[in-house]
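Being a predicted model, the structure only gives us computed values, none of them experimental.
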Amino acid sequence: MHNLPPMENYPHPQDTATSNKLLLLYLIPVFGFFPSLWTLYRRQGSREQLAVSRLSITLGFTWMLGYFLLSSGAATSDFLAIRLLILNSFFTSGYFLVSIWLIFRVIQGKSYRLPGFSNFAERILRKY
């Protein structure tokens, strides 16, 4: 019994509740990008908050890049326009579904990591 660390070292329930609320905020599609960017810019937050911020920013940039590339391709092509617009809608729907799925995983207390994508986000944004 006397080998246990002091009570100050354990997280308080308010801290974990606040942390989960911030994680949910970071994972909101499109709008969660900005608080995530602010968290990485300030370099403050728990290790978990920084990891979710990196993932949120990488998902947001990937969606934004794909959205603009598919939209510009549809605008410049007569033959492929409808196909690219349909692909664009699937891409956007996928981004929203993945974000909502991650929100449910955080609520359930499960891992928020995406295979391959989380590693990519960590490598790209590690210095932030």
Side-chain angles (χ1 to χ4, degrees):
M1 273 291 198
H2 38 74
N3 291 336
L4 294 174
M7 282 300 281
E8 313 64 75
N9 293 348
Y10 291 105
H12 297 288
Q14 299 91 0
D15 295 340
T16 57
T18 304
S19 176
N20 278 344
K21 288 178 186 175
L22 283 174
L23 295 181
L24 295 177
L25 177 68
Y26 297 151
L27 291 172
I28 294 173
V30 182
F31 298 112
F33 174 83
F34 300 105
S36 298
L37 196 60
W38 184 252
T39 299
L40 284 184
Y41 175 73
R42 289 185 341 181
R43 293 188 181 127
Q44 292 181 348
S46 68
R47 176 185 255 173
E48 190 175 40
Q49 289 172 345
L50 293 173
V52 171
S53 293
R54 288 184 191 108
L55 179 62
S56 173
I57 289 171
T58 307
L59 280 172
F61 270 136
T62 303
W63 169 74
M64 202 177 330
L65 179 67
Y67 180 83
F68 287 125
L69 287 175
L70 289 169
S71 294
S72 63
T76 58
S77 173
D78 291 331
F79 178 69
L80 296 174
I82 192 73
R83 290 172 181 88
L84 290 175
L85 289 174
I86 291 171
L87 185 60
N88 195 359
S89 68
F90 285 146
F91 190 67
T92 299
S93 298
Y95 167 62
F96 276 76
L97 287 175
V98 166
S99 295
I100 291 169
W101 178 69
L102 286 172
I103 288 172
F104 282 127
R105 301 250 328 156
V106 168
I107 290 171
Q108 294 171 349
K110 295 182 180 177
S111 174
Y112 52 83
R113 298 185 57 79
L114 293 174
F117 209 78
S118 292
N119 293 336
F120 178 70
E122 291 290 328
R123 270 187 307 176
I124 297 299
L125 298 171
R126 174 54 89 183
K127 59 185 171 184
Y128 299 108

Could you pull out the closest heavy-atom pair between [X] and [Y], with the gap in Å?
{"X": "Q44", "Y": "L50", "answer": "O-CD2, 4.0 Å"}
{"X": "G32", "Y": "S36", "answer": "O-OG, 2.8 Å"}
{"X": "R113", "Y": "S118", "answer": "CA-OG, 3.3 Å"}
{"X": "L27", "Y": "S99", "answer": "O-CB, 3.5 Å"}

Measuring from atom [atom1] of [X] to atom [atom2] of [Y], what distance do you get when rounded to the nearest 0.5 angstrom?
{"X": "L40", "Y": "Q49", "atom1": "CG", "atom2": "CD", "answer": "10.5 Å"}
{"X": "L25", "Y": "F34", "atom1": "CG", "atom2": "CZ", "answer": "12.0 Å"}
{"X": "F96", "Y": "I28", "atom1": "CZ", "atom2": "CD1", "answer": "11.0 Å"}
{"X": "Y112", "Y": "L55", "atom1": "OH", "atom2": "CG", "answer": "8.5 Å"}
{"X": "I103", "Y": "Y26", "atom1": "CD1", "atom2": "OH", "answer": "13.5 Å"}

Side chain to side chain, [X] and [Y], heavy atoms closer than 4.5 Å:
{"X": "T39", "Y": "L22", "answer": "no"}
{"X": "V30", "Y": "Y95", "answer": "yes"}
{"X": "Y41", "Y": "L37", "answer": "no"}

Could you note down all residue pairs passing side chain to side chain donor-acceptor pair (under 3.5 Å) where residues 70-79 supplies at least one of them, sequence neighbours left out?
-> S71-N88
Not counting sequence neighbours, which residues clear side chain to side chain contact (heavy atoms under 4.5 Å, CB included) with L87? List them please.
-> L70
Got a sec, which residues hit side chain to side chain contact (heavy atoms under 4.5 Å, CB included) with I82, two or more places apart in sequence or on another chain?
-> I86
Do the side chains of L69 and F91 join up, straight or via other hydrophobic residues, at under 4.5 Å, putting them in one cluster?
-> no
Find out if a path of hydrophobic residues (ILVMFWY) with successive side-chain heavy-atom gaps under 4.5 Å connects L80 to F90.
-> no
Going through the checks in order, is the side chain to side chain contact (heavy atoms under 4.5 Å, CB included) test met by W101 and L114?
-> CA-CA 11 Å; W101 178 69; L114 293 174; 3.3 Å; yes
Kindly indicate, with the supporting measurements, whether the criterion side chain to side chain contact (heavy atoms under 4.5 Å, CB included) is fulfilled by V52 and V106.
-> CA-CA 10 Å; V52 171; V106 168; 5.6 Å; no
Applying side chain to side chain donor-acceptor pair (under 3.5 Å) to S89 and not counting sequence neighbours gives none
Side chain to side chain donor-acceptor pair (under 3.5 Å) partners of R47, counting only residues at least two apart = none
Which side-chain N or O atoms in residues 61-68 pair as donor and acceptor under 3.5 Å with protein atoms at least two apart or in another chain?
from, atom 1, to, atom 2, distance (Å)
T62, OG1, T58, O, 2.7
W63, NE1, T92, OG1, 3.1

